[in-house]
A.B. asks: 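Sharing a structure with you now.
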Amino acid sequence: MSADASGLRELRASVGEFMAAKSPEEAVRKLMESEPRFDPDVWSQAADQLRLPALAIPEEYGGDGFGPVELGVVLEEMGRALFCSPFFSTVVLAAQALLASGDSEACARHLPGIAAGRTMATLAVAEEGGSWDPALISTRAVADADGGWKLSGRKGFVIDGTTADLILVVARTVAGPSFFAVDRAAPGVTAEAMETLDATRTLARLTFDAVPATPVGPDGAGGRIMAKVLDVASVGLAAEQAGGARRCLEMSVEHARTRHQFGRPIGSFQAVKHKCADMLVQVELAEASAREAALLAAGDAPDFPVAAAVAHACCSRAYMVAAMENIQVHGGIGFTWEHPAHLYFRRAKSSQLLFGGPAIYHERLLDRLGI
Amino acid sequence: MEQDTQDFAAEARSFLDAHATKAPDRAARTWGQGDDSMAYFSSLPPEQEAEQVRRAREWQRIRYENGFGWITGPPEYGGRGLTPVHDLVYDAIESEYDVPDTGVLGVVGLGMIGPTILAHAQPHIKERWLPAMYRGDAIACQLFSEPDAGSDLASVTTRAVREGEEWVLSGQKVWTSVAQHSDVGLALTRTDPEAPKHRGITAFLVPMDAPGVEVRPLRQMTGGADFNEVFLTDVRVPDDHRLGEIDGGWTVALTTLMNERDTVGSEGAGPVAAALSPDHLSALMRATWTWDDRALRARLGELLVDVLATGHLNARAQRSLRAGVAPGPERSVAKLMYGQNLTRAAHFVGDCLGPRLIADTGQWGTYAWSELLLATPALRILGGTEEIMKNILAERVLGLPKEARA
Ligand SMILES: Cc1cc2nc3c(=O)[nH]c(=O)nc-3n(C[C@H](O)[C@H](O)[C@H](O)COP(=O)(O)OP(=O)(O)OC[C@H]3O[C@@H](n4cnc5c(N)ncnc54)[C@H](O)[C@@H]3O)c2cc1C
């Protein structure tokens, strides 16, 4: 299913309104210092009133069957508002990993709960070094005598890792990297929050000590599934980044219009004007690359992997530029704790590096292009 | 609508099949074979250039006579009366064929001056010039810039004084592309020196063979001479060649400038497109043994992100157009990025080639890039400099206060 232009506008407006009401700056600031880092009431409203977790899950699994384009609209609005919620970990990472695994049994077991907003889930790939390359993991899963699996190892940088009910773990088996589902309440799982640059998105360190685990997808297919998941997730992240970058630009423009120095609005000085124009260029490129990639994903186009790599790199840079220049345009006030600019700066930097950072994503793009 | 463009596409294909040959598939092109020219501006000897202009005119005539010369133009002036979408469809199909380069007619004349005449000229002047231009008979140029009026275009000082039913024009224009081939030019002149500068300007169509028009080539840093100085000495132009109101020429200029920014941002086809093509650049890296140079790879990655994202921006602007929605600032952003991307690409290539960019070893695909390198500074200037484009984005799109102006 896919929404037409006016459907997308409506979706954007209703999510935007929801964010304005439920995720104003005060709410974000309060949540980033509380545990959990999201408001369970708001999360259930998002699920019950707007059906946001259901949006991009196929109808056969209890979702509404929309696709990456609609998901992108929602993520742009969430990114603008720095919405604190398990949406990214649950809907973008975990649900997409389940779908990419092609394991219909696992999908049928977990996706309806996710769609209903009852199950919170996440994806655990990276370890100490933070790499998302499944070839570089040491977490292991071994089959035991009665046909079950036991998983052992340490994961890091797991988004919402202390609160997710369901953890999809990439672990090594004899056949290679493979996906497993782990119940957070299972014996042998410990989760510890990491201190983070961006307090609006929590990251955790998880330890698995011979934890019972259920295979998801074919044994040894983890590498292939991860490639797909990373593409989908980085396009989701790109939408969030584009939304955040657009918000930074708006803040700067508003300030540049109203703040006076030397008897004129600072926006009439060309140095400031050009900063804003440079930010606009970045934001336009970011939106175009994120939206185009989502469109190609929706059409299952062969160009999608390249477009996903472009969107990830382009939006990462655009958001970082916009977040940095936003502080510069605001002057001293932009450097205060009270001003929201640093919240965006923190999110921008942490999103840029989440999946490995520029050195990694530029190489990925070249790789996708066959270079 | 959908069916209609499909019929149109089929018609375009059969026209092109009958009059042109299919271009070799760009992806299948092998490194080291064929023409390695990277010229953005021509630097041909005069006889060859004249031949190229002749071929351009001829191809435009064939297009026109078959209904593809002016797809969006109104039928009463010889156009086809179709939509910009049909134009896009035709361009996409034509790019699969080897056809003569019609840039000499298209970029300025048909892309910028044609739409301005259509919007502002009197009906009999439209009848006089538009079919001629779109048929390839008349080449047009843009007589805007002057030695003291570039970015600040509204300070033109070329005078136009009324004498009965005629106007007498005197002054100097500069940087006039294709003036040496042109049959007509659109000139901005000052008709009221007392008025605030934007309000005392009037626009005229000037037949380039009128007595008193003198075109002198200017050599560019590329070596060739695509642009010129144009001296106007007591050139007499009938009043019906005026576009728009007396002293209302700025409105006319804005039409041209808007079309200019649209025209310049589009990705050039032909050899220059190779500079932005991932396949071509990676073949170059292999050929220069820089394939696994980490620093160069990182730069190539960064460059290609911008190249591909700019492509997405253009694709989205076109999609808006197809949906009947006026695109936003995409075209202006794309123009800015196009100049920067080609500039970065040319320097990237230089870093791969090393000394082979600065002296000709005779090796295919090496020194040829110097032609592109030398053209890139122009792309950050023509059609509004980078700085002026940023002012426009900041003031018109973002609504920031105007600069303090003298
Ligand atoms: C290849 C080529 C083809 C051309 N073809 C044509 C043509 O066919 N017809 C035609 O009429 N013109 C043509 N032009 C002229 C072109 O439009 C002008 O060169 C351009 O608008 C810049 O004007 P200028 O050269 O006088 O530079 P200037 O306006 O003197 O600018 C010099 C520098 O000052 C900067 N500057 C100026 N004002 C500002 C400001 N307000 N804020 C910040 N920076 C500023 C500029 O950005 C630039 O960096 C062509 C130019 C080139 C290079």
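By convention in this document, chain letters (A, B, ...) are assigned in the order of the sequence lines, proteins followed by strands, and residues within each chain are numbered from 1.
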A.B. asks: Need one label for Leu295(A): side chain, backbone, both or neither, based on atoms under 4.5 Å from any heavy atom in chain B.
C.D. replies: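 Side chain only.
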
A.B. asks: Between Leu400(B) and Gly267(A), what is the shortest heavy-atom contact and its length?
C.D. replies: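 Closest approach of Leu400(B) to Gly267(A): CB-O, 4.0 Å.
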
A.B. asks: Can you tell me how far CD1 of Ile371(A) sits from CG of Leu300(B), rounded to the nearest 0.5 angstrom?
C.D. replies: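 Here the interatomic distance stands at 5.0 Å.
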
A.B. asks: At a heavy-atom separation under 4.5 Å, does Ala359(A) approach chain B through its side chain, its backbone, both, or neither?
C.D. replies: neither

A.B. asks: One pair to check against side chain to side chain contact (heavy atoms under 4.5 Å, CB included): Leu369(A) and Leu308(B). What are the steps and the verdict?
C.D. replies: CA-CA 11 Å; Leu369(A) 288 166; Leu308(B) 297 168; 4.3 Å; yes

A.B. asks: Given heavy-atom pairs under 4.5 angstrom as the criterion, report whether the side chain, backbone, both or neither of Val325(B) touches chain A.
C.D. replies: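 Neither the backbone nor the side chain of Val325(B) comes within 4.5 Å of chain A.
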
A.B. asks: For chain B against chain A, give me the donor-acceptor pairs closer than 3.5 Å, one per line with atom names and distance.
C.D. replies:
from	atom 1	to	atom 2	distance (Å)
Arg257(A)	NH1	Leu398(B)	O	3.3
Arg257(A)	NH1	Gly399(B)	O	3.4
Gln270(A)	NE2	Asn391(B)	OD1	3.0
Gln270(A)	NE2	Glu403(B)	OE1	3.3
Gln270(A)	NE2	Glu403(B)	OE2	3.4
Lys273(A)	NZ	Glu395(B)	OE2	2.8
Lys273(A)	NZ	Pro401(B)	O	2.5
His274(A)	NE2	Glu387(B)	O	3.2
His274(A)	NE2	Asn391(B)	OD1	2.7
Asp278(A)	OD1	Lys390(B)	NZ	2.8
Glu292(A)	OE1	Arg316(B)	NH1	2.9
Glu292(A)	OE1	Arg319(B)	NH1	3.2
Glu292(A)	OE2	Arg319(B)	NH2	2.8
Arg317(A)	NH1	Asp306(B)	OD1	3.2
Arg317(A)	NH1	Asp306(B)	OD2	3.0
Arg317(A)	NH2	Asp306(B)	OD1	2.7
Glu363(A)	OE1	Arg297(B)	NH2	3.1
Glu363(A)	OE2	Arg297(B)	NE	2.7
Ile371(A)	O	Arg297(B)	NH2	2.9

A.B. asks: What part of Leu336(B) lies closer than 4.5 angstrom to a heavy atom of chain A: side chain, backbone, both or neither?
C.D. replies: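 Only the side chain of Leu336(B) comes within 4.5 Å of chain A.
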
A.B. asks: May I ask you to name which of Ala298(B), Gly399(B), Ala317(B) has the most heavy-atom pairs under 4.5 Å with chain A?
C.D. replies: Gly399(B)

A.B. asks: Which heavy atom in Gly301(B) sits nearest to a heavy atom in Leu365(A), and how many Å separate them?
C.D. replies: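 Distance-wise, the nearest heavy atoms are O-CD2, 3.8 Å.
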
A.B. asks: Could you tell me which non-hydrogen atom of Val253(A) sits nearest to which non-hydrogen atom of Leu398(B), and how far apart they are?
C.D. replies: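 So the two residues come closest at CG1-O, 3.3 Å.
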
A.B. asks: Under a 4.5 Å cut-off applied to non-hydrogen side-chain atoms, are Leu304(B) and Val310(A) in contact?
C.D. replies: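 Side-chain contact under 4.5 Å: no.
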
